K.L.:
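First the structure, which I've put down as structure tokens, then a few questions once you've had a look.
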Amino acid sequence: DVVMTQTPVSMSVSLGGQVSISCRSSQSLVHNNGNTYLSWYIQKPSQSPQLLIYKVSNRFSGISDRFSGSGSGTDFTLKISRVEPDDLGVYYCGQGTQYPLTFGSGTKLEIK
Amino acid sequence: EVKLAVHGGGLVEPGSSLRLSCVASGFTLGDYYMEWVRQAPGKGLEWIAATRNRAKDYSAEYSVSVNGRFTISRDVSQNILYLHMNNLKTEDTGIYYCARDVGGIDDYWGQGVMVTVSS
């Protein structure tokens with residue numbers, strides 16, 4: 001199984017600030033078809049997870065350009081710029097390259 | 001508009017069965033891979049089951065934790081995804097979400113239902 005390791009576990013940021021979340025996979029996430037199925041999700045308090053970024057760096061429909069994803073192979077990063085109050089929640093990376101699908105353990109973002 | 005509405009959660013005793021439903025609207029269920037993901041209280045996300053689309057004969061994949069006890073299925077005529085859960089254990093307690101899978105990407109998620117397994 002692909003193990004997804006996220007850091008940090010939690011972080012606190014001031015409004016308007018910038019944060020980076022790291023996600024590392026135990027195996028390369030490059031699929032046989034050449035795509036890398038690494039996604040980022042946010043779970044806001046008491047809500048279902050929502051897709052933010054897919055295939056490493058593509059923003060999902062309606063997602064602000066304050067969110068950006070980067071990386072390749074086994075090492076990936078989510079950056080959030082100009083943090084707003086609505087950004088608080090738990091961020092998960094997830095891989096869809098192979099079954100079983102797996103998620104990171106989450107990064108809790110708090111607003112100072 | 002894509003919507004997924006999950007139904008069927010509740011409190012059950014260990015060893016019992018339960019069926020969850022995920023009513024899909026805004027798209028044709030048979031055209032998409034679909035998944036169930038759960039979240040134990042205070043914990044992270046755990047993928048548990050997936051079913052491929054019509055083109056792939058709706059074949060299924062399961063996590064080790066539920067394989068042999070849970071079955072994912074769908075009624076394409078009604079656009080409903082199911083999760084049949086047998087021999088439930090206390091460790092199956094959690095919120096269960098259905099999600100639409102577009103090439104390994106969970107683009108839409110249902111609201112989740114709570115399943116509590118306790119004596």
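Chain letters run A, B, ... following the sequence lines, proteins first, then strands; residues in each count from 1. Any value given below was found using the heavy atoms of this structure, including those in side chains, with hydrogens, waters and symmetry copies removed. Note that the structure is a prediction, hence the values are computed from the model and not measured.
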K.L.:
Check the hydrophobic clustering (I, L, V, M, F, W, Y; side-chain heavy atoms under 4.5 Å; chains of links allowed) and say if A:Ile21 and A:Tyr41 are grouped together.
P.N.:
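Yes: a chain of side-chain contacts under 4.5 Å links A:Ile21 to A:Tyr41.
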K.L.:
Which bit of B:Ala99 is near chain A, if near means a heavy-atom gap under 4.5 Å: side chain, backbone, both or neither?
P.N.:
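Neither; nothing under 4.5 Å.
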K.L.:
How close do B:Tyr97 and A:Gln43 get, heavy atom to heavy atom, and via which atoms?
P.N.:
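That closest heavy-atom pairing would be OH-NE2, 3.0 Å.
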K.L.:
Are more than 12 heavy atoms, taken from residues, nucleotides or ligands other than A:Arg24, located less than 6.0 Å from that residue's CZ atom?
P.N.:
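Counting neighbours around CZ of A:Arg24, 12 or fewer heavy atoms of other residues, nucleotides or ligands fall under 6.0 Å, so no.
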K.L.:
Which donor-acceptor pairs under 3.5 Å do the side chains of residues 104-119 of chain B make with protein atoms, sequence neighbours left out?
P.N.:
from	atom 1	to	atom 2	distance (Å)
B:Asp107	OD1	B:Arg100	NE	3.2
B:Asp107	OD2	B:Arg100	NE	3.3
B:Asp107	OD2	B:Arg100	NH2	2.7
B:Trp109	NE1	B:Asp106	O	3.1
B:Gln111	OE1	B:Val6	N	2.9
B:Gln111	NE2	B:Val6	O	2.7

K.L.:
Heavy atoms only, distances under 4.5 angstrom: which of A:Gly106, A:Gly96, A:Pro49, A:Ser105 has the most pairs with chain B? Name it, please.
P.N.:
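The residue among A:Gly106, A:Gly96, A:Pro49, A:Ser105 with the greatest pair count is A:Pro49.
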K.L.:
Would you mind checking which part of B:Val37 comes under 4.5 Å of any heavy atom in chain A, side chain (CB onward), backbone (N, CA, C, O), both or neither?
P.N.:
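Interface part for B:Val37: side chain.
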K.L.:
At what distance, to the nearest 0.5 angstrom, does OG1 of A:Thr102 lie from CD of B:Glu46?
P.N.:
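If I round to the nearest 0.5 Å, the distance is 11.0 Å.
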K.L.:
For residues B:Tyr32 and B:Val76: do they belong to one hydrophobic cluster (side chain heavy atoms under 4.5 Å, members Ile, Leu, Val, Met, Phe, Trp, Tyr)?
P.N.:
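No, because B:Tyr32 and B:Val76 fall into different hydrophobic clusters, even though each may have its own neighbours under 4.5 Å.
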K.L.:
Are A:Val90 and A:Ile42 co-members of a hydrophobic cluster defined by side-chain heavy atoms under 4.5 Å apart?
P.N.:
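Looking at the clustering, A:Val90 is in the same group as A:Ile42.
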K.L.:
Between B:Tyr33 and B:Ile80, is there a shared hydrophobic cluster once you connect ILVMFWY residues whose side-chain heavy atoms come closer than 4.5 Å?
P.N.:
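Unlinked, B:Tyr33 and B:Ile80 end up in two clusters.
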K.L.:
Quick check: closest heavy atoms across A:Pro100 and B:Trp47, and the distance to 0.1 Å?
P.N.:
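Taking A:Pro100 first and B:Trp47 second, the nearest heavy atoms are CB-CZ3, 3.4 Å.
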K.L.:
Out of curiosity, A:Tyr99 OH to B:Glu35 CD, how far, rounded to the nearest 0.5 Å?
P.N.:
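With rounding to 0.5 Å, OH (A:Tyr99) is 6.0 Å from CD (B:Glu35).
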